[in-house]
Amino acid sequence: MVKQKRTGPEVTKKKSKKPKKVSVEEILRAADATADEEEAGLEGVVVSRVQDTVPQLSPEEKRVLERKLKKERRKEEKKKLREARVSTVQTPAKRSGAELALDYLSGWAQKLQSWRFQKTRQTWLLLNMYDSNKVPEEHFPTLLAYLEGLQGKARELTLQKAEALMQELDVAGSDAALQEKAPRLRQVLQLLS
């Protein structure tokens, strides 16, 4: 069989029925107006004017338009709510590492069932245990008790750092920052040695 070549495109043309561009709200208002006026028996000039500008809508078209309108209203409401929230509601500040670590320590001291080991909290405590501003005096005895149970590499490194700081203290002598840390340093060294 021999194939025949097409001589031209065989496309059927459809007439486009594009309505005039009118906003969704105008269409709905006009459709509602025509329905109300017809019910009231006020036919005539007003009805014919509305029908000229807006084509009659099928129930499905009305429903689609109503959905679009409803969606637009929701967007506007959400936008207003967002703007209101931004101006009135402030997001709660995240807790600092110090607060989290001290809560971790107090949970350990109270032997809470919810307490579990957290390496980041322990690391923070070990790095900042000599600073009385970060670990207040009321928490330091609890921290010493926590250090008694310290095991493995963490214990070795803490002891090495404490010894290195003590040597710095002996060499520097009058450094104010190290002088503040001296009593805590001695207690940690005495505990871990």
Are any of the side-chain heavy atoms of [X] and [Y] separated by less than 4.5 Å?
X: Leu112; Y: Ser106; result: no
X: Leu147; Y: Leu126; result: yes
X: Leu169; Y: Arg186; result: yes

Six-ring centre of Trp115, Lys111 cation under 6.0 angstrom, axis tolerance 45°: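 No, Lys111 and Trp115 do not form such a contact.
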Verdict with reasoning, Val188 to Phe140, per side chain to side chain contact (heavy atoms under 4.5 Å, CB included): CA-CA 10 Å; Val188 170; Phe140 192 69; 4.2 Å; yes
ILVMFWY network linking Tyr146 to Leu100, side-chain heavy atoms under 4.5 angstrom: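 Per the 4.5 Å side-chain linkage, Tyr146 and Leu100 are not co-clustered.
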ILVMFWY network linking Leu185 to Val171, side-chain heavy atoms under 4.5 angstrom: no
Find the distance between [atom1] ([X]) and [atom2] ([Y]) and round it off to the nearest 0.5 Å.
X: Arg63; Y: Leu57; atom1: CZ; atom2: CG; result: 13.0 Å
X: Leu125; Y: His139; atom1: CG; atom2: NE2; result: 10.0 Å
X: Lys70; Y: Arg74; atom1: NZ; atom2: CZ; result: 5.0 Å

May I have the list of side-chain donor-acceptor pairs in residues 156-163 shorter than 3.5 Å, sequence neighbours left out?
from   : atom 1 : to     : atom 2 : distance (Å)
Thr158 : OG1    : Ala154 : O      : 2.6

Residue list, side-chain hydrogen bond (donor to acceptor under 3.5 Å, both in side chains) with Gln187, at least two apart or on another chain: none
In residues 177-184, what donor-acceptor pairs under 3.5 Å come from side-chain atoms, sequence neighbours left out?
from   : atom 1 : to     : atom 2 : distance (Å)
Gln179 : NE2    : Gly173 : O      : 2.2
Arg184 : NH1    : Met129 : O      : 2.8
Arg184 : NH1    : Val135 : O      : 3.0
Arg184 : NH2    : Val135 : O      : 2.7
Arg184 : NH2    : Glu137 : OE2    : 3.1

Main-chain N/O of Ala164 paired with Gln167 side-chain donor or acceptor, under 3.5 Å: no
Short side-chain to backbone donor-acceptor contact, Arg155 and Glu148, under 3.5 Å: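 Flag set: sc Arg155 to bb Glu148 pair under 3.5 Å.
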Heavy-atom neighbours of Gln151 CD exceed 12 at 6.0 Å: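 Not more than 12 within 6.0 Å, no.
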Residues, nucleotides or ligands: over 12 heavy atoms within 6.0 Å of Glu99 CD: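 Counting neighbours around CD of Glu99, more than 12 heavy atoms of other residues, nucleotides or ligands fall under 6.0 Å, so yes.
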Criterion side-chain contact (heavy atoms from CB on, under 4.5 Å) against Trp124, the qualifying member of Asn128, Thr120, Leu127: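 For Trp124, the side-chain contact (heavy atoms from CB on, under 4.5 Å) test succeeds with only one of Asn128, Thr120, Leu127, which is Asn128.
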Residues Gln122 and Tyr104: side-chain donor-acceptor under 3.5 angstrom: no
